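Please read all numbers here as calculations on a predicted model, not as lab measurements. First the proteins, then the strands, lettered A, B, ... as listed; each starts at 1. Just the heavy atoms: all of them, side chains too, but no hydrogens, waters or symmetry mates, feed the values below.
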2 protein chains.
Amino acid sequence: MTDDSWGPGPQTRRAAKPRASTIAEVARRARVSPATVSRVMNGRFVGDPEVAERVRRAAAELNYSPSPLARSLALGETRTIAFVVPDIGNPTFQAMLSGLSKSAAADGYRVLVADSTEDPEEEAVLAVETRRACDGLVLCAPRMSDERLHALLPVLRPVLLINRGGARFDAPSLSVDYGLGIQHLADHLYGLGHRHFVYLEGPAPSSSNQARVEGLSAFASRTGDVQIDRIPAGSASADGYRSGEAVRASGATAVLAYNDLVAVGLMSALAEMGVDVPRDIAVAGFDDIPLVRYVTPRLTTVSVPYEPLGTEAWKRLHALIKGETPSHDLVFQPRLQPRDSTAAPPVRVTIED
Amino acid sequence: MTDDSWGPGPQTRRAAKPRASTIAEVARRARVSPATVSRVMNGRFVGDPEVAERVRRAAAELNYSPSPLARSLALGETRTIAFVVPDIGNPTFQAMLSGLSKSAAADGYRVLVADSTEDPEEEAVLAVETRRACDGLVLCAPRMSDERLHALLPVLRPVLLINRGGARFDAPSLSVDYGLGIQHLADHLYGLGHRHFVYLEGPAPSSSNQARVEGLSAFASRTGDVQIDRIPAGSASADGYRSGEAVRASGATAVLAYNDLVAVGLMSALAEMGVDVPRDIAVAGFDDIPLVRYVTPRLTTVSVPYEPLGTEAWKRLHALIKGETPSHDLVFQPRLQPRDSTAAPPVRVTIED
DNA sequence: CGTTGGCGTGAAAGCGGTTTCTCGGGCAGC
DNA sequence: GCTGCCCGAGAAACCGCTTTCACGCCAACG
């Protein structure tokens, strides 16, 4: 008597997969219309409680739950947002994802992650394509040009920008004041007596590296009596490790690394070279990822609240999705975490050759 | 003459959002039927090339791209998979996500992440719910009971299990041989002369902690002359840090930490207590996360290829989705990475009180 | 020269829900 | 007792796309 045999034919490949029941089946079983089932399921039903009960029972018996896909199509909303990042392998994005994902989940939203693999072209395509499959975007696209981003904005909306703040764009944004963060570190080192610095640069085209460079030149012109060398490195520990020789050769007494990973890599290289941190050279990181307060020597760095940033991102995007005006933009201020990897410079001695 | 004014009414809240054009509009503009547009867009068109060209031009002019939602509903596939994990903040899952996300993207699939926040109940609900919104699941549910998982499997399929391997379940799986990994470390330490160990336990109910415990008892009964104390810790650096006193008090000469994070935390505490690693106590981690080869002392650990595991996970899930039989299950073997945090135990001395 | 066959295209029926609109029935008011 | 109104629930349109099926046209064949 099961007349379901004409179902979605080729689907019946794998015996085990039980085709989910539909609203029509529930309706038939409860002897009501699909409309009524829909209303009951969504709490919009106002009528004979006995009918509602029949529907609920039928739904339970068939183990029915509405297809999110069909609902999305009808409702025009997916209850999904996307998080587009240059590299999901990066701990800082992971921390943001963590905050974003948890707070979105609390409001019944899922999050899609899209990794643009640091490719500026991919960033644009991916953002547009991903956006179509969800209700909103949290976009971190440090490589994309201002013009490009500006042109894309109307298509991406509702969108929340990470680290692309200011009045340049007509979209809410959340940023980290990298420039100030690195000045905190530089000031800290300056206060200890350092005058000759090395900055281990991150990925050249990234806006966050740019911000640090600008922060440093502000620091330089403010103090007037410092020398800051720039050494290209990268954003991974291995990049820091590789820079060991160059750092020593520079003669600087203090190193500002692009981030904590680079700093730790550098410290490792220095240790192998017999250079003592902080006695011979002071090293500072950036981000304060969870591990670095436990490395030896405990790393001086600036802490950036990435997880709260993810949470705030959701708050704003959620408001945007609901058609409300989101809270004001925020610029997260890194906080200095002086620890053991920085100290006063060694007494001035000249080492011949 | 624009008769679009009756559009999706309330949607027109924010002026800036341009309603995406539909297949019907393209059809009208190209003076063909929607069916033809669909065929052209999907490369299934076999007819007058002039017609195809007209359609393509119309689509381009209207900046048309098919709604993924509507396609999904019609096709019965979303080209999205989900990755369900107990804690997205954990670096090991992040590494897996990285491999999974990149390889899925290469095949045109997106990935949804769902964080069960270590809650065994949530794990089940989340898995089922998330599954409905996508084509397949990569499930890492270390807390869920075997029975529960077994019951859920039919609904979850196609699904790939992480660390729930063996013939127990009718689903492909990928695992890490934690038991063997920890034995590698124990053997290494045993070879150095250690006989008294401490194992800093991870989350008690987790299967991966269980596997380590079993590995250790296998090691104990195999060697016969060792003592292994167990100290409850956790899975974060702070947990390791907190265990410093207990570890010293135990009198053990070697510590096996649940993972690298815990090991680093412990080493930090020991350093503050004036205990030298590895001279006074040897410390070993687990996982070989990127940073630990750069900490001082460089951490002895076993490396687990989490990112390749993510890649393999996609290969198998993809096969499953295509209705093919996936490759055989794999058990990833951790590889010993002897570094500087382990050495021979100190010469035997008895410290009174 | 009539029929068959194939080819190019459109009409329409889904996919699985939501929602507007309509309709029938019961009750209150006059 | 009849009209009007309101209420409960169903019919049907719709979300945007895919795909089957049918149709009309033209060529080739008997």
Rounded to whole Å, how long is the line connecting atom [atom1] of [X] with atom [atom2] of [N]?
X     : N      : atom1 : atom2 : value
B/M41 : D/dC17 : CE    : P     : 9 Å
A/N42 : C/dT20 : CG    : P     : 13 Å
B/R71 : D/dC17 : CZ    : C1'   : 8 Å
B/D48 : D/dC26 : CG    : P     : 14 Å
A/F45 : C/dT19 : CZ    : C1'   : 15 Å

Is any side-chain N of the basic residue among [X] and [Y] closer than 4.0 Å to the acidic one's carboxylate O?
X      : Y      : answer
A/R79  : A/D107 : no
A/E25  : A/R29  : no
B/K322 : B/E77  : no

Would you say [X] places a side-chain N or O within less than 4.0 Å of OP1 or OP2 belonging to [N]?
X     : N      : result
B/T36 : C/dG10 : yes
B/S67 : D/dG16 : no
B/R44 : D/dT19 : yes

Problem - Distance-only donor-acceptor test, B/R39 side-chain atoms vs C/dG10 base atoms, 3.5 Å - result: yes
Problem - Comparing B/S33 and B/L75 on DNA chain C - which has the more 5′ nearest nucleotide - result: B/S33
Looking at [options], which one has an atom nearest to any side-chain atom of [X]?
X     : options                : result
B/I23 : D/dT18, C/dG17, C/dG16 : D/dT18
B/A70 : C/dG10, C/dG16, D/dC17 : D/dC17
A/A35 : D/dG10, D/dG8, C/dG16  : D/dG10
A/T22 : D/dG16, C/dA12, C/dG16 : C/dG16

Exercise for the section: Decide whether A/T117 and A/D119 meet the rule of one side-chain donor and one side-chain acceptor closer than 3.5 Å. Expected result: no
